[in-house]
Amino acid sequence: MCEAPGSVVTLLCSGIQLYSAERRIADCILADVKRASMCTSAELARLSSSSEATITRLCHKLGFENYRKFQLALARDAMEQQETARRTREEGQDELRQALLDIQANREEELRATIQAIDTRQLRRVLSLLRSCEVIEVVSEGRSLPVALDASIRFGHLGKRCVASALHEKTLAFAQTLAFAQTLTPKDLLMAFSTSGRDAGLEEVISAAKMRGAPVLLITCDSHSPLAHLSDYVMTASNREQRLIEGSHAASLLSPNILVEVLYYLLRMEKA
């Protein structure tokens, strides 16, 4: 099993799909990270009205071999939270300054977890594809459009022929995107962006590209999503938006953007 990302809190706040019992465990942990980090699996199951079997499944879903490794990572999260609270008390920050520090800490952890989750063996294959492909079609769900357009511009600066499309903005735009995917070849690349990893339009486009033999790279917040299972290569963007905003919110675009920058700068450094 791959080395797990360092932060349980980050993983639980990402776009990964959790079933109802798993979500109860996640909510219980996020409500009091320190308390949860000191619980046995049986105690955590009791607190979250779930079962030890469900906790084990959640550990595996998040990338941990067993509950002990999950608990150690959770303890590090608790220590980080305590250190942040200690610094705040010592510095006597006002409410607005504290809000700024909270945003900073969440974004720093989001970027750190995103970089840590990169599989370097897969990264080498993706970079090789980007070097050799003739055409890069960049597609996205509507809310990921800014990242997709940025990717198209960046790789265009490297001399690649890029085509960027947004799904669901107009029926015609989707039809054109699907038609273009049906003309891709094994020498091309489809790069897809979806924070949730669940989008019927993108699923159709990815399927069309794979029918043509074109490799597919997906950047998403959920590496276990339906689109991830369809794609040849998956890069996971961490997301801690839930730690900042309660209730409904749009997923952060910061970590997908950093993955685009990683690919762009590694290719750019080769050309320097």
Side-chain angles (χ1 to χ4, degrees), residues 2-3 5 15 111 113-141 144-167 176-199 201-238 253-272:
C2 296
E3 182 181 354
L111 295 182
T114 297
I115 296 297
Q116 287 177 347
I118 295 175
D119 182 331
T120 53
R121 288 175 298 179
Q122 177 182 250
L123 178 60
R124 289 188 178 94
R125 293 195 291 269
V126 170
L127 290 171
S128 179
L129 275 174
L130 288 167
R131 286 187 212 101
S132 62
C133 67
E134 295 179 356
V135 175
I136 302 174
E137 183 183 7
V138 186
V139 295
S140 71
E141 59 186 12
S144 299
L145 177 59
V147 186
L149 292 177
D150 181 61
S152 178
I153 292 169
R154 285 180 180 273
F155 296 127
H157 285 165
L158 295 175
K160 291 295 178 181
R161 181 186 168 201
C162 297
V163 179
S165 306
L167 300 184
Q176 291 172 338
T177 301
L178 183 57
F180 193 86
Q182 291 169 339
T183 67
L184 291 174
T185 74
K187 295 181 179 180
D188 303 321
L189 173 67
L190 180 71
M191 180 181 292
F193 292 86
S194 173
T195 53
S196 68
R198 292 164 184 79
D199 186 282
L202 277 179
E203 187 170 336
E204 192 171 351
V205 171
I206 289 173
S207 296
K210 289 181 70 68
M211 287 282 289
R212 300 286 301 174
V216 177
L217 167 63
L218 174 70
I219 293 181
T220 181
C221 292
D222 187 354
S223 60
H224 299 274
S225 63
L227 293 183
H229 289 302
L230 269 181
S231 303
D232 300 296
Y233 304 96
V234 179
M235 298 185 75
T236 306
S238 179
L253 298 182
L254 181 62
S255 47
N257 258 318
I258 202 65
L259 289 175
V260 171
E261 291 200 2
V262 164
L263 297 172
Y264 171 75
Y265 284 117
L266 289 175
L267 290 171
R268 185 70 181 267
M269 287 162 63
E270 293 173 356
K271 291 178 173 289

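- To the nearest 0.5 Å, atoms CG (Leu217) and CD1 (Ile219) are separated by 5.0 Å.
- Thr236 and Cys221 make their closest contact through CG2-O, 4.1 Å (heavy atoms, listed as atom of the first residue, atom of the second, distance).
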* **Test log, rule side-chain contact (heavy atoms from CB on, under 4.5 Å), inputs Ile118 and Leu259** => CA-CA 9 Å; Ile118 295 175; Leu259 289 175; 3.9 Å; yes
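- Interatomic distance, OH of Tyr265 versus CD1 of Ile258, reported as 8.5 Å (0.5 Å rounding).
- The two residues Pro226 and Gly197 make their nearest non-hydrogen contact at CD-O, 3.6 Å.
- Taking the side chain as every heavy atom from C-beta outward, Tyr233 and Met191 never approach each other to under 4.5 Å.
- The number of heavy atoms from other shown groups lying within 6.0 Å of CZ (Arg161) does not exceed 12.
- Across all non-hydrogen atoms, the minimal contact from Pro215 to Leu129 is CG-CD2, 3.8 Å.
- A donor-acceptor distance shorter than 3.5 angstrom exists from the side chain of Lys160 to the backbone of Arg131, with no hydrogens or angles considered.
- Taken to the nearest 0.5 Å, the CG atom of Leu267 stands 6.5 Å off from the CZ atom of Phe155.
- In this structure, the side chains of Leu263 and Leu123 come closer than 4.5 Å at one or more pairs of heavy atoms.
- Considering all non-hydrogen atoms of both residues, Val234 and Gln122 come closest at O-NE2, 2.8 Å.
- Nearest approach of Ser231 to Val216, heavy atoms of both residues: OG-CG1, 3.7 Å.
- Of all heavy-atom pairs between Thr220 and Ser225, the closest is OG1-OG, 4.3 Å.
- With rounding to the nearest 0.5 angstrom, the CG atom of Asp199 is 10.5 Å from the CD atom of Glu204.
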* To do: Using the side-chain contact (heavy atoms from CB on, under 4.5 Å) rule, take Glu203 and Leu230 through it: C-alpha gap first, then chi angles, then the decisive distance, then the call.
  => CA-CA 8 Å; Glu203 187 170 336; Leu230 269 181; 3.4 Å; yes
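- When side chains are defined from C-beta on, Ile115 counts as touching Val262, because their heavy atoms get closer than 4.5 Å.
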* Asked: Thr183 and Arg212: side-chain contact (heavy atoms from CB on, under 4.5 Å), yes or no, with the steps?
  -> CA-CA 7 Å; Thr183 67; Arg212 300 286 301 174; 5.5 Å; no
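- Taken from OG in Ser196 to CG in Asp222, the straight-line distance is 8.0 Å, to the nearest 0.5 Å.
- With Ser140 contributing its side chain and Phe193 its backbone, the two residues share no donor-acceptor pair below 3.5 Å.
- Between atom CE of residue Met211 and atom CG of residue Leu184 there is a gap of 13.5 Å, rounded to the nearest 0.5 Å.
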